[in-house]
Amino acid sequence: ETKQGLAGVRIEVELLFGINRELHGNATTDAQGYFRIDGLVPGRYRMQRESFPGYLDPTEHFIELKIESEERDTILNLHLSKGVPVSGIVQDAVTGEPVAGAHVWGSGRSRTVTSETGTFSLDRVHHDFVDYRVQHDAYEENPEVSHLNSGMTVLRVLPRPRLRGTIVNADTGMPITEFSPLVMYSPDDDPYRSDRDILHSADGTFEIYFYPMRSTQVLHVFAPGYA
């Protein structure tokens, strides 16, 4: 990669006071890539930069630096790595069907959402290694990655275990339309409840996605007028 300076990169510096942070200065790089922030008192700072088109987001959210004296400049060089564009598709690992609406992360914090046909494009990922992650309610996060001769990247994700059913009146057999299903996860040492992974509708049907690492999963149903 070239060592040419980049213009228009915004830099922010915060002075650290224990757990408190005070925005102390910012600057934007000039035509040669230089920036300068004056008036910084001695102390510990954190510095971060904004995303820059065509370049990888930083792997670390900020850089910590220490300014020893007001009498001399502190010089810090930031090196930005160019990203490469990637196009691909997210597929169900079992059926091969495309997965729409999945969030896809690449290197750094580059991310996007798949289209109705499961395709995605990332404009800047690392040219040597990409640690892909996929987020969708119905699928596991870590995909199996393969590359086609066409240059397209295929991410195959495993479906999460799920339970489908209908809540009905025990006497009449009619669906109960007003209910709140709730899953209780009971790991060995940290029992808690969550309804984040439950989809239910007004006709009494429900669909629950489970995390397989949970050893015990109990379904509770709350409905007005029912025990």
Side-chain angles (χ1 to χ4, degrees), residues 1-90 99-116 118-137 139 141-143 145 151-153 155 157 194 196:
E1 297 185 5
T2 67
K3 300 299 183 182
Q4 179 182 358
L6 293 176
V9 180
R10 183 175 173 81
I11 309 294
E12 292 185 349
V13 171
E14 294 176 343
L15 179 62
L16 301 182
F17 292 104
I19 62 173
N20 297 318
R21 300 184 178 94
E22 176 185 339
L23 184 63
H24 201 277
N26 59 74
T28 302
T29 57
D30 62 18
Q32 287 74 45
Y34 292 105
F35 69 93
R36 182 181 182 90
I37 300 176
D38 293 313
L40 300 180
V41 299
R44 290 174 53 247
Y45 291 80
R46 66 178 233 168
M47 182 169 67
Q48 56 188 351
R49 69 168 177 84
E50 294 182 350
S51 297
F52 193 75
Y55 288 80
L56 297 178
D57 287 331
T59 55
E60 301 294 336
H61 289 280
F62 62 87
I63 299 173
E64 189 168 316
L65 67 151
K66 186 176 182 180
I67 294 180
E68 302 284 357
S69 172
E70 295 180 79
E71 303 300 323
R72 64 177 187 272
D73 289 346
T74 297
I75 299 175
L76 180 68
N77 295 320
L78 300 178
H79 300 278
L80 278 62
S81 297
K82 274 193 172 182
V84 295
V86 169
S87 296
I89 186 170
V90 176
V99 179
H103 292 261
V104 179
W105 278 263
S107 299
R109 298 194 297 274
S110 180
R111 70 174 182 174
T112 188
V113 179
T114 58
S115 68
E116 290 296 322
T119 58
F120 68 91
S121 295
L122 294 169
D123 64 349
R124 53 185 192 280
V125 298
H126 200 282
H127 64 280
D128 288 329
F129 173 76
V130 184
D131 184 16
Y132 290 105
R133 185 164 63 91
V134 176
Q135 187 177 65
H136 189 285
D137 286 343
Y139 293 91
E141 289 191 354
N142 298 317
V145 183
M152 176 170 282
T153 297
L155 306 181
V157 286
S194 173
R196 184 176 66 86

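Just so it is clear, the values below take in all heavy atoms, side chains as well, and ignore hydrogens, waters and symmetry mates.
- Legend: residues meeting side-chain contact (heavy atoms from CB on, under 4.5 Å) with Thr153, ordered by chain and number and at least two apart, are Val86, Tyr132, Val145, His147, Leu155.
- In this structure a side-chain-to-backbone donor-acceptor pair under 3.5 Å is missing from Thr119 to Gly88.
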Stepwise side-chain contact (heavy atoms from CB on, under 4.5 Å) test for Tyr139 and Val134
CA-CA 8 Å; Tyr139 293 91; Val134 176; 5.7 Å; no
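- Here Arg111 contributes atom CZ and Leu122 contributes atom CG; the two are 11.5 Å apart, rounded to the nearest 0.5 Å.
- The side-chain contact (heavy atoms from CB on, under 4.5 Å) check on Ala27 picks up Phe35, Ile37, with sequence neighbours excluded.
- Annotation for Phe120 and Ile89: closest pair CE2-N, 3.3 Å, computed over non-hydrogen atoms.
- Scanning all heavy atoms of the two residues, the minimum distance from Ala7 to Ala31 falls at CB-CA, 3.7 Å.
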side-chain contact (heavy atoms from CB on, under 4.5 Å) assessment of His136 paired with Val157:
CA-CA 10 Å; His136 189 285; Val157 286; over 6 Å; no
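- Inter-residue side-chain proximity for His103 and Val113 is flagged as met; some heavy-atom pair is nearer than 4.5 Å.
- Every side-chain contact (heavy atoms from CB on, under 4.5 Å) that Gln32 has, sequence neighbours left out, goes to Asp30, Tyr34.
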